[in-house]
Amino acid sequence: AFVVGSFMRWTRADTGYRRFKTAYIETGKGSGKSPIGAGLGLYFLTADGGKGVEAYCAAVTREQAGIAFRDAVRMVDASPALTARLLKSGNRSVFNLANMATGSFFRPVSSEGRALDGKRVAFALLDEIHEHPTDTVVEKITAGIKALRQPLICEITNSGYDRTSICFQHHEYSVKVVSTHDSIIDDEWFAYVCALDEGEDPFVNKDCWIKANPSLEVTIRSDYLEKQIREARGMPSKESIVRRLNFCEWVDAANPWISGDLWRSCEKEFDLSELEGEPCFGGLDLSGAKDLSVLSLCWPRPGGLFDIAT
């Protein structure tokens, strides 16, 4: 109610149009983000008052774009009122919902082929931004809103691990927009970023779970989160996924061999000159087009320990 009420009903005093053009929503997996986005698409299709409305579920792949759109189709099937107003198109699966009375439609699109070009976007749901390898979908969809008075781009996502991605850029920007410590003022950017406070560990303290899961015990239950943590403790390679998807923690890698905290606990400063003349082994990883070149040096030490410099 807070999220949708804020960016849909907060209007400008001078024009009467909606204040926000972009809504960035980052919560734990299972919080109901996709159904909310599907409902918004149907609202724009039937109740926003426009004619010739173009509404989209946009993602990198057709499969991902279809997830939230299928929620919209299920909502139509469950509502006699929507069924009477909207026309479904498709053979084996529905790929378009049309409001023939207003010449409007709602459909899934992806970056596969040229499906994102030439859009006149009144509403777009950008699903799982953390899975976007480039900014192509975001930039092309954003380019399609320029001629409209009150369009909305709704970005919904879990937390990710790639800190060079468009998702992390929008995550950081959102945090700065709502922070009292940063000077970024963007009155058209709505940000709802769920996160734990610094130092909180959801594997130790379940009281913090609701901070990353605002609909806890409604769309996602505590016993499910307990199961995820139990499995992560038994399978350390799963810990990164659980922290990222279920507790909105930006992690160091998708499936790390060891945790970032454990790795950082081994860091120390030492004088390389003290190791002069000691046996040393080197490993060199040369870069390709976008990678980094790295040289690592390893000195075996007494007691089965190693000094490593990179």
Side-chain angles (χ1 to χ4, degrees), residues 1-28 31-45 47-59 68 104 106 116 119-130 132 135-160 163-197 211-212 214-215 248 250:
F2 167 74
V3 168
V4 176
S6 294
F7 62 70
M8 288 298 292
R9 306 313 302 168
W10 195 334
T11 57
R12 293 171 57 101
D14 54 350
T15 65
Y17 297 127
R18 281 189 294 268
R19 166 186 171 179
F20 296 108
K21 298 283 196 304
T22 300
Y24 178 87
I25 304 169
E26 183 180 329
T27 69
S31 296
K33 297 185 293 296
S34 294
I36 287 176
L40 286 169
L42 293 174
Y43 176 88
F44 274 83
L45 184 59
D48 201 44
K51 293 185 180 298
V53 170
E54 296 183 18
Y56 299 97
C57 285
S104 304
F106 183 29
L116 298 177
K119 300 292 184 278
R120 185 173 179 268
V121 181
F123 170 78
L125 174 67
L126 305 186
D127 200 7
E128 301 296 8
I129 299 295
H130 72 278
H132 291 212
D135 63 357
T136 299
V137 175
V138 175
E139 294 302 323
K140 288 193 173 185
I141 288 295
T142 301
I145 72 171
K146 57 183 178 295
L148 301 179
R149 291 176 176 174
Q150 52 176 5
L152 177 68
I153 295 177
C154 184
E155 302 180 2
I156 59 175
T157 189
N158 302 127
S159 302
R163 296 174 190 263
T164 65
S165 66
I166 185 65
C167 184
F168 189 70
Q169 292 175 36
H170 285 198
H171 165 87
E172 290 283 272
Y173 187 79
S174 296
V175 170
K176 291 177 181 178
V177 166
V178 300
S179 174
T180 58
H181 305 295
D182 291 288
S183 58
I184 291 181
I185 298 176
D186 189 339
D187 288 338
E188 296 185 343
W189 187 283
F190 174 82
Y192 185 75
V193 180
C194 294
L196 307 180
D197 289 323
K211 296 180 181 180
S215 55
C248 292
W250 280 82

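Small disclaimer: the values here were computed from a predicted structure and weren't measured.
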*Asks:* Nearest heavy-atom pair of F7 and A23: which atoms, and what distance?
*Replies:* CD2-CB, 3.6 Å

*Asks:* Once side-chain hydrogen bond (donor to acceptor under 3.5 Å, both in side chains) is applied, do any residues pair with S215, and if so which ones, sequence neighbours excluded?
*Replies:* T219

*Asks:* Kindly give the heavy-atom pair with the smallest separation between S104 and G50, and that separation in Å.
*Replies:* OG-O, 4.1 Å

*Asks:* Is any side-chain heavy atom of I36 less than 4.5 Å from a side-chain heavy atom of V3?
*Replies:*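 No - every pair of side-chain heavy atoms lies 4.5 Å or more apart.
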
*Asks:* Walk me through it: do T22 and E155 pass the test side chain to side chain donor-acceptor pair (under 3.5 Å)?
*Replies:* CA-CA 8 Å; T22 300; E155 302 180 2; 5.6 Å; no

*Asks:* Give, for atom CZ of F20 and atom SG of C154, the distance between the pair rounded to the nearest 0.5 Å.
*Replies:*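 Here the interatomic distance stands at 12.5 Å.
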
*Asks:* Can you find a heavy atom in the side chain of L196 that is under 4.5 Å from one in the side chain of C248?
*Replies:*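 In short, these two side chains do not touch, never coming nearer than 4.5 Å.
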
*Asks:* Look up atom CZ in R12 and atom CZ in R18, then write down how far apart they are to the nearest 0.5 Å.
*Replies:*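 With rounding to 0.5 Å, CZ (R12) is 13.5 Å from CZ (R18).
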
*Asks:* Quick check: do W189 and K176 have side-chain heavy atoms less than 4.5 Å from each other?
*Replies:* no

*Asks:* With respect to I129, which candidate in N158, V137, V138 satisfies the side-chain contact (heavy atoms from CB on, under 4.5 Å) definition?
*Replies:* V138

*Asks:* Could you give me the CA-CA distance, side-chain angles and deciding distance for I145 and I153, then say whether side chain to side chain contact (heavy atoms under 4.5 Å, CB included) is met?
*Replies:* CA-CA 8 Å; I145 72 171; I153 295 177; 3.9 Å; yes

*Asks:* With rounding to the nearest 0.5 angstrom, report the CD to CG distance, E54 to L45.
*Replies:*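 If we round to the nearest 0.5 Å, E54:CD and L45:CG are 11.5 Å apart.
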
*Asks:* F106 and C57: which non-hydrogen atoms are nearest, and at how many Å?
*Replies:* CZ-SG, 3.6 Å

*Asks:* When you measure from the side chain of R19 to the backbone of F190, do you find a donor-acceptor pair of N or O atoms at a distance under 3.5 Å?
*Replies:* no

*Asks:* Tabulate below the donor-acceptor pairs under 3.5 Å that side-chain atoms of residues 120-128 make, not counting sequence neighbours, or state none.
*Replies:*
unit_1, atom_1, unit_2, atom_2, d
D127, OD2, Q64, NE2, 3.2
E128, OE1, H130, ND1, 3.3

*Asks:* Looking at G160 and W250, what are the two nearest heavy atoms and their distance?
*Replies:* O-CE3, 3.1 Å

*Asks:* Please round to the nearest 0.5 Å and tell me the distance separating atom NZ of K21 and atom CG of D187.
*Replies:* 11.0 Å

*Asks:* Does F2 reach the side chain of Y192, with side-chain heavy atoms less than 4.5 Å apart?
*Replies:* yes

*Asks:* If you define the side chain from C-beta out and look only at heavy atoms, does anything of C167 sit under 4.5 Å from H132?
*Replies:*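 SC-SC contact between C167 and H132 ruled out.
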
*Asks:* Which heavy atom of G28 sits nearest a heavy atom of S31, and at what distance?
*Replies:* O-OG, 2.8 Å

*Asks:* Report, as yes or no, whether the 6.0 Å neighbourhood of atom NZ on K211 holds more than 12 heavy atoms from other residues, nucleotides or ligands.
*Replies:* yes

*Asks:* For T27 and C194, work out which heavy atoms get closest and say how close.
*Replies:* CG2-SG, 3.5 Å

*Asks:* First locate atom OG1 of T15, then atom CZ of R149, and finally report the distance between them rounded to the nearest 0.5 Å.
*Replies:*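 These two atoms lie 9.5 Å from each other.
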
*Asks:* Could you walk me through whether Y24 and V177 pass the side chain to side chain contact (heavy atoms under 4.5 Å, CB included) check?
*Replies:* CA-CA 11 Å; Y24 178 87; V177 166; over 6 Å; no

*Asks:* Under 4.5 Å between any side-chain heavy atoms of M8 and L40, yes or no?
*Replies:*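 Result yes, sub-4.5 Å side-chain heavy-atom pair found.
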
*Asks:* Applying ring pair (Phe, Tyr, Trp, His ring centres under 6.0 Å) to F168 and H171, what does each step give before you reach the verdict?
*Replies:* CA-CA 5 Å; F168 189 70; H171 165 87; 5.6 Å; yes

